[in-house]
There are 2 protein chains.
Amino acid sequence: MKRDSRLSSVLHALLHMAERGEPMTSETLAACMCTNPVVVRRTMGLLRDAGLVASARGPSGGWQIVADLNAVSLRDLYDALGEPTVFAIGNRHEAPQCLVEQAVNAALDDAFADAEALLLDRLGKITLARLSADFNRRHAAHRSRA
Amino acid sequence: MKRDSRLSSVLHALLHMAERGEPMTSETLAACMCTNPVVVRRTMGLLRDAGLVASARGPSGGWQIVADLNAVSLRDLYDALGEPTVFAIGNRHEAPQCLVEQAVNAALDDAFADAEALLLDRLGKITLARLSADFNRRHAAHRSRA
DNA sequence: TTTCATGTAACTTCAAATATTACGAATTAG
DNA sequence: CTAATTCGTAATATTTGAAGTTACATGAAA
């Protein structure tokens with residue numbers, strides 16, 4: 001099954017944006033995210049609605065981070081993206097009145113709910129600032145190797 | 001995103017099979033799973049490979065549970081189905097050498113791995129026997145209401 | 001030996017996400 | 001003011017992977 005990599009992609013874009021100070025166009029971001037400018041606008045538009053980035057039209061326009069990197073967690077990004085479905089595995093809902101289906105789904109729902117809670121909790125504890133620091137650490141290590 | 005409901009479907013089928021004692025044909029199971037006989041054969045074939053059910057051809061043939069319901073966990077079924085992808089959210093892998101991507105993916109991978117471990121652990125603790133008992137409890141409650 | 005049921009390959013259909021095209025609206029520079 | 005640039009977004013096309021379907025061979029039972 002194909003997986004939704006928007007969270008990963010958006011993080012990629014945001015870290016690149018954090019490195020630069022100035023606005024980046026949808027076109028530039030699309031190139032760096034291996035996708036299409038329109039897709040970038042749609043996705044970044046969600047982050048803008050959540051107050052994480054700002055967009056400006058016209059020459060010298062583009063996208064820029066406006067939030068404090070320390071205050072933005074991956075959970076915030078997940079929420080901004082519309083809380084996309086976490087699991088690729090789900091319940092059947094063909095026969096809601098079937099007692100077999102009810103027993104099965106009740107058991108599965110519990111397990112999935114707990115795992116989802118754990119995941120979102122973890123995402124809530126990872127900030128953009130930490131990822132940026134992690135990137136800079138890797139960058140330094142990389143340069144010292146060369 | 002469309003979710004893989006095979007685990008739920010297969011559980012549905014197995015509980016129905018457990019209720020009856022005798023073999024059920026792919027056709028019967030397909031009707032009760034709202035799907036196609038060939039799909040049933042494909043899916044149940046995986047369970048047979050794992051030693052959970054047996055198939056027999058010819059008249060009076062069909063599918064039957066051969067494992068002890070107390071010994072089969074939902075984790076076993078998950079494994080038998082080929083350990084399908086758990087998460088609908090995944091990493092980008094467009095630029096493996098990009099340090100930004102590495103930093104992003106490392107953080108995400110940790111969180112997802114922990115959540116997956118929790119989920120599989122939970123699935124490992126739920127047996128078919130328990131689900132069957134749960135069903136019978138619901139069944140009794142349902143009858144006493146009527 | 002006829003009938004029933006699985007085994008499986010090949011092909012078709014379907015759904016959902018992503019990509020693309022196209023053009024309008026807003027902004028800046030000159 | 002005008003031309004160039006960039007976002008905003010609707011409409012459409014493409015892609016992709018799962019599920020469904022057809023077709024027929026294999027094997028078992030009565």
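Residue numbers start from 1 in every chain, and the chains themselves are labelled A, B, ... in the order their sequence lines are given, proteins ahead of strands.
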I want to verify a distance call: between dA19(D), dG20(D), dC7(D), whose nearest atom is closest to the Asn36(B) side chain? dG20(D)
Starting from C1' on dT8(C), measure out to CZ on Arg41(B) and report it in whole angstrom. 9 Å
Is any side-chain heavy atom of Ser144(B) closer than 4.5 Å to one of His139(B)? no
Please report the distance, rounded to the nearest Å, between CZ in Arg6(B) and P in dG17(D). 15 Å
d(CH2, Trp63(A); C1', dT5(D)) in whole Å: 15 Å
Would you say Thr35(A) and Ser9(A) make side-chain contact, with heavy atoms under 4.5 Å? no
Side-chain donor or acceptor of Arg42(B) under 3.5 Å from a matching atom on the base of dG20(D)? yes
Start with the C-alpha gap between Asp134(A) and Arg130(A), add the side-chain angles, then the distance that decides, and say whether salt bridge (charged side-chain N to carboxylate O under 4.0 Å, His left out) holds. CA-CA 6 Å; Asp134(A) 188 13; Arg130(A) 198 174 113 195; over 6 Å; no
If you assign Pro59(A) and Cys34(A) each to the DNA chain C nucleotide with the nearest heavy atom, which residue ends up on the more 5' nucleotide? Cys34(A)
Walk me through it: do Arg92(B) and Ser5(A) pass the test side chain to side chain donor-acceptor pair (under 3.5 Å)? CA-CA 6 Å; Arg92(B) 250 171 52 101; Ser5(A) 58; over 6 Å; no
Report the nucleotide, chosen from dT28(C), dC7(D), dT8(C), that has the shortest atom-to-atom distance to any side-chain atom of Ser60(A). dT28(C)
With a non-hydrogen cut-off below 4.0 angstrom, is Gly45(A) in contact with a base, only sugar-phosphate, or nothing? nothing
At less than 3.5 Å, do the side-chain atoms of Arg57(B) and the base atoms of dT26(D) form a donor-acceptor pair? yes
Met24(B) CE to dT6(C) P, in whole Å, measures 11 Å
Check every atom of dT21(C), dT21(D), dT6(C) against the side chain of Val38(A) and return the nucleotide holding the closest atom. dT21(C)
Which one of Val39(A), Leu11(A), Leu81(A) satisfies the side-chain contact (heavy atoms from CB on, under 4.5 Å) criterion with Arg6(A)? Leu81(A)
Whole angstrom is fine here: how far is it from CG in Leu29(B) over to P in dA5(C)? 12 Å
Between Ser26(B) and Ala56(A), which residue's closest nucleotide on DNA chain C lies nearer the 5′ terminus? Ser26(B)
Could you work out which one of dA19(D), dT6(C), dG20(D) sits closest to the side chain of Thr35(B)? dG20(D)
Please state how far atom CG in Asp4(B) lies from atom P in dC14(C), giving the value in whole angstrom units. 21 Å
If I take atom CZ in residue Arg3(B) and atom P in nucleotide dC14(C), what distance separates them, rounded to the nearest angstrom? 24 Å
Given atom CG of Leu7(A) and atom C1' of dA17(C), what is their separation to the nearest angstrom? 17 Å
